[in-house]
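Structure first, commentary second.
Given the structure is predicted, the values throughout are model-derived calculations rather than measurements. Letters go in sequence order (proteins before strands), and every chain restarts at 1.
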There are 2 protein chains.
Amino acid sequence: MKHFSEMSESALRVVDAAEGLIQERGYNGFSYDDVAKLVGIKKPSIHHHFATKGDLAAAVAQRYTHRFREQLLRIEVQHAKAQDRLTAYATLFENTFAAEQRLCVCGMLGAEANSLPEGVVHEVSRFFEANTEWLAMVIAEGQRAQQLRAQPDARALAEACLATLEGAMIVARSVRGARGPAGVAQTYLSTLLA
Amino acid sequence: MKHFSEMSESALRVVDAAEGLIQERGYNGFSYDDVAKLVGIKKPSIHHHFATKGDLAAAVAQRYTHRFREQLLRIEVQHAKAQDRLTAYATLFENTFAAEQRLCVCGMLGAEANSLPEGVVHEVSRFFEANTEWLAMVIAEGQRAQQLRAQPDARALAEACLATLEGAMIVARSVRGARGPAGVAQTYLSTLLA
DNA sequence: GTCTATACAGTGATAGAC
DNA sequence: GTCTATCACTGTATAGAC
């Protein structure tokens with residue numbers, strides 16, 4: 001697959017449109033024609049940039065993961081304490097959700113994983129693994145600095161944290177008045193504090 | 001909508017098939033023809049039982065919620081301590097997931113909520129609300145009995161617990177070697193203990 | 001890089017016979 | 001309750017001109 005940094009401007013506009021559609025309706029809920037209408041070109045022009053729908057979705061997931069990792073780095077630089085880093089992490093999900101109840105691209109694709117082309121699932125798994133690894137690092141550091149309770153091991157807590165945020169977006173989508181990911185994460189975070 | 005207790009045997013076989021398909025591929029990932037093939041009848045016969053796809057999905061969600069509530073009652077009867085009840089609760093999700101990585105029906109539909117007929121979303125929200133309410137009750141009782149930490153309020157912990165389980169199924173679906181809902185829930189539960 | 005035209009299977013849904 | 005036949009439409013994808 002071509003890396004998004006080498007894509008033409010048109011191709012990137014296609015990725016932009018597809019990303020929003022995946023977050024709103026999922027892989028099985030949008031079509032090449034939906035993308036074409038959003039970008040302002042015709043359906044076969046999309047195929048020129050991405051031969052198959054799976055290629056397009058994989059590109060969306062790849063760029064999403066890349067951008068997410070950049071945000072994680074930025075959080076590491078801007079915040080020193082574990083609780084501040086985790087709060088900023090939750091804000092990433094909250095900001096996504098605040099925009100028209102958009103889901104995490106990989107949360108949506110993860111749910112659909114069993115009906116997705118292999119290449120897409122691979123990109124999704126990379127997203128989850130990168131997030132778990134980063135969270136485990138942050139939590140382990142916080143435990144060593146005695147900012148967080150030392151109790152369960154960092155990797156397990158990281159998995160639980162990621163699952164909580166992904167799940168919170170999904171539940172909040174259909175329950176009127178439910179708290180969004182930031183609120184739920186705050187509850188989770190409070191159980192980790194020393 | 002007709003209640004499933006008044007449905008014909010054929011209609012129930014249709015609901016069985018649709019339930020499995022929704023858990024595997026989601027609302028937008030299955031068709032009337034898929035259901036017909038599983039049941040062993042033709043496509044228009046499905047329409048005889050459920051006029052629209054939305055009607056069918058709503059019936060699936062309704063029955064799923066009803067059965068889930070029965071299980072919650074059973075847990076209340078069989079287990080007295082909060083931690084045992086919560087572990088049994090997590091086992092419900094684990095059992096679902098253990099069968100071919102099946103998702104919670106309402107977790108899947110919740111992700112797709114923005115592209116679903118209104119009636120389906122309503123049933124999904126009832127599922128989440130019933131679960132949150134039950135969990136809040138169990139947790140509040142556990143806190144009063146000093147089996148759980150008294151720290152954050154029971155309702156917030158209940159929301160976090162539900163989100164964690166729903167999210168854990170989704171993450172585990174695309175990450176090879178990730179722990180399932182039971183494992184992740186155990187981590188969450190350990191942070192609640194007194 | 002974009003277009004028109006088109007192939008071809010699948011979609012949810014309806015009509016009407018048995 | 002199930003069927004055959006069919007509807008109008010949408011789906012992904014391709015061929016080939018500009």
Side-chain angles (χ1 to χ4, degrees), chain A residues 1-22 24-61 108-109 112 114-121, chain B residues 1-2 4-22 24-61 109 112 114-121:
Chain A
M1 184 182 36
K2 194 186 285 190
H3 192 266
F4 68 87
S5 62
E6 302 163 334
M7 286 179 193
S8 70
E9 205 170 309
S10 307
L12 288 173
R13 267 184 294 141
V14 170
V15 173
D16 288 338
E19 180 177 278
L21 287 164
I22 288 172
E24 203 195 327
R25 304 185 214 156
Y27 181 87
N28 291 320
F30 83 98
S31 71
Y32 266 45
D33 217 33
D34 295 326
V35 176
K37 275 166 188 153
L38 278 176
V39 176
I41 58 180
K42 299 296 177 184
K43 196 165 44 162
S45 308
I46 311 294
H47 281 282
H48 172 76
H49 299 289
F50 301 95
T52 72
K53 199 182 175 184
D55 292 341
L56 173 52
V60 169
M108 178 65 90
L109 294 176
E112 295 177 293
N114 283 17
S115 61
L116 254 43
E118 189 185 8
V120 185
V121 181
Chain B
M1 184 182 36
K2 194 186 284 188
F4 68 87
S5 62
E6 300 164 335
M7 286 178 193
S8 70
E9 204 170 311
S10 307
L12 288 174
R13 266 184 295 141
V14 170
V15 173
D16 288 338
E19 180 178 278
L21 287 164
I22 288 172
E24 203 195 327
R25 303 186 215 156
Y27 181 88
N28 291 319
F30 83 98
S31 73
Y32 266 45
D33 216 33
D34 295 326
V35 176
K37 274 166 188 152
L38 277 175
V39 176
I41 59 181
K42 299 296 176 183
K43 192 167 50 159
S45 308
I46 311 293
H47 282 283
H48 172 78
H49 298 291
F50 301 95
T52 72
K53 198 182 174 185
D55 292 341
L56 173 53
V60 169
L109 294 176
E112 295 177 294
N114 284 15
S115 61
L116 255 43
E118 190 184 6
V120 184
V121 181

With no hydrogens and no angle check, is any side-chain donor or acceptor of B/Lys43 less than 3.5 Å from a backbone partner on B/Ser31?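 It does not hold such a pair.
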Between the main-chain N or O of A/Tyr27 and the side-chain N or O of A/Lys53, is there a donor-acceptor pair closer than 3.5 Å?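 It does hold such a pair.
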Can you tell me how far [atom2] of [Y] sits from [atom1] of [X], rounded to the nearest 0.5 angstrom?
| X | Y | atom1 | atom2 | answer |
| --- | --- | --- | --- | --- |
| B/Ser45 | B/His48 | OG | NE2 | 8.5 Å |
| A/Asp55 | A/Ile46 | CG | CD1 | 13.0 Å |
| A/Arg13 | A/Ile41 | CZ | CD1 | 7.0 Å |

[N] [atom2] sits how many Å from [X] [atom1], rounded?
| X | N | atom1 | atom2 | value |
| --- | --- | --- | --- | --- |
| A/Asn28 | C/dT11 | CG | C1' | 13 Å |
| A/Lys43 | C/dT6 | NZ | C1' | 10 Å |
| B/Lys53 | C/dG10 | NZ | C1' | 12 Å |

Cation over ring, B/Lys2 on B/Phe50, under 6.0 Å and within 45°?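 Here B/Lys2 fails the 6.0 Å and 45° test against B/Phe50.
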Residues in contact with DNA chain C, drawn from residues 30-42 of chain A - heavy-atom cutoff 4.0 Å: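 Heavy-atom cutoff 4.0 Å gives A/Ile41, A/Lys42.
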Interface with DNA chain C, restricted to residues 6-16 of chain A and to heavy atoms under 4.0 Å: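 The answer is A/Ser8, A/Ser10.
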5' to 3' contact window, DNA chain D with chain B (heavy-atom distance under 4.0 Å):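 Here the contact window of chain B covers D/dG1 to D/dA5.
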With A/His47, which residues qualify under ring pair (Phe, Tyr, Trp, His ring centres under 6.0 Å), at least two apart?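 A/Tyr32.
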Angle between the two end axes of the helix from C/dG1-D/dC18 to C/dC18-D/dG1, five base pairs per end, rounded to 10 degrees?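 So the angle between the two local helix axes works out to 10°.
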Applying salt bridge (Lys or Arg N to Asp or Glu O under 4.0 Å), can you list everything that pairs with A/Glu24, at least two apart in sequence or on another chain?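 A/Glu24 satisfies salt bridge (Lys or Arg N to Asp or Glu O under 4.0 Å) with no residue once adjacent residues are dropped.
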If every non-hydrogen atom of [X] is compared with every non-hydrogen atom of [Y], which pair is closest and at what distance?
| X | Y | answer |
| --- | --- | --- |
| A/Ala18 | A/Val60 | CB-CG2, 3.7 Å |
| A/Glu112 | A/Asn28 | OE2-N, 3.1 Å |
| A/Val120 | A/Gly54 | CG2-O, 3.4 Å |

More than 12 foreign heavy atoms under 6.0 Å from CD of A/Glu6: is that the case here?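 Check passes, neighbour count above 12.
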With a 4.5 Å limit on heavy-atom distance, are the side chains of B/Val14 and B/Met7 in contact?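 Answer no - side chains too far apart.
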